[in-house]
Amino acid sequence: MQTRSLFDAMSGADFVMIDGVVFAAGYVRVPDEFTVADDVVVEARNGEMEIELTRAEIEGAEGVGEGVFRLKSGALVRFLTSAVLH
């Protein structure tokens, strides 16, 4: 059920924090039955750095607490909304 929690966290995210670096979310698509493994579900940018995550990369992420998820790659990811950042 961790995947559902991840998908809930993705919904409406304005920012994505990966290993402590905050990226502005340009595109976030919560995976559904039409999303395949190589579909990009997150595109985000921090200055000149850009990241993309596919469904395969986020599938099976494990919750480690406080809205943080560990991806298969070992990266820690957290989805944030503007209301969360003060």
Side-chain angles (χ1 to χ4, degrees):
M1 193 50 80
Q2 292 296 339
T3 299
R4 182 74 252 153
S5 296
L6 173 64
F7 293 172
D8 291 342
M10 291 175 68
S11 182
D14 299 308
F15 301 92
V16 181
M17 183 168 38
I18 300 177
D19 290 336
V21 178
V22 177
F23 295 84
Y27 174 77
V28 177
R29 177 181 178 183
V30 176
D32 57 25
E33 66 272 9
F34 303 108
T35 314
V36 296
D38 62 348
D39 284 345
V40 173
V41 294
V42 176
E43 291 178 351
R45 163 177 255 154
N46 177 322
E48 294 297 314
M49 283 192 305
E50 294 183 21
I51 57 116
E52 290 183 347
L53 297 173
T54 64
R55 179 174 182 147
E57 290 172 310
I58 67 163
E59 194 74 37
E62 296 181 29
V64 295
E66 298 184 26
V68 178
F69 297 86
R70 184 178 314 279
L71 303 180
K72 293 177 200 175
S73 67
L76 297 175
V77 65
R78 184 174 188 184
F79 294 88
L80 307 165
T81 62
S82 294
V84 173
L85 297 179
H86 301 341

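Heavy-atom basis, side chains included; hydrogens, waters and symmetry copies ignored. Source: prediction; values computed, not measured.
In this structure, V41 and M10 have side chains that are in contact, with non-hydrogen atoms separated by less than 4.5 Å.
Distance CG/N46 to CZ/F15: 10.5 Å, rounded to 0.5 Å. How far CG of D39 is from OG1 of T54: 8.5 Å, rounded to the nearest 0.5 Å. Atoms CD and CG, from E59 and L53 in turn, are 13.0 Å apart once rounded to the nearest 0.5 Å.
For D32, the salt bridge (charged side-chain N to carboxylate O under 4.0 Å, His left out) test picks out R29, with sequence neighbours left out. A13 is linked by a side chain to side chain contact (heavy atoms under 4.5 Å, CB included) to F79, counting only residues two or more places apart in sequence or in another chain. Scored by the side chain to side chain contact (heavy atoms under 4.5 Å, CB included) test, E50 finds R45 as partners (sequence neighbours excluded).
Residue pairs meeting the side-chain hydrogen bond (donor to acceptor under 3.5 Å, both in side chains) criterion with at least one partner in residues 12-21, sequence neighbours excluded, are D14-S82.
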Acceptor/donor pairs from residues 69-76 side chains to any protein atom, 3.5 angstrom cut, sequence neighbours excluded:
residue, atom, partner, partner atom, Å
K72, NZ, A56, O, 3.4
S73, OG, A75, N, 3.3

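There is no path of hydrophobic side-chain contacts, each under 4.5 Å, that joins V40 to L6.
Test V16, I51, V42, I58 against V77 for side chain to side chain contact (heavy atoms under 4.5 Å, CB included) and you get one pass: V16.
Between P31 and R55, the shortest heavy-atom contact is CB-NH1, 3.2 Å.
Within a 6.0 Å radius of CD in E48, other residues, nucleotides and ligands contribute 12 heavy atoms or fewer.
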>> side-chain contact (heavy atoms from CB on, under 4.5 Å), that's the test. Do M17 and F23 meet it? Break it down for me.
In response: CA-CA 6 Å; M17 183 168 38; F23 295 84; over 6 Å; no
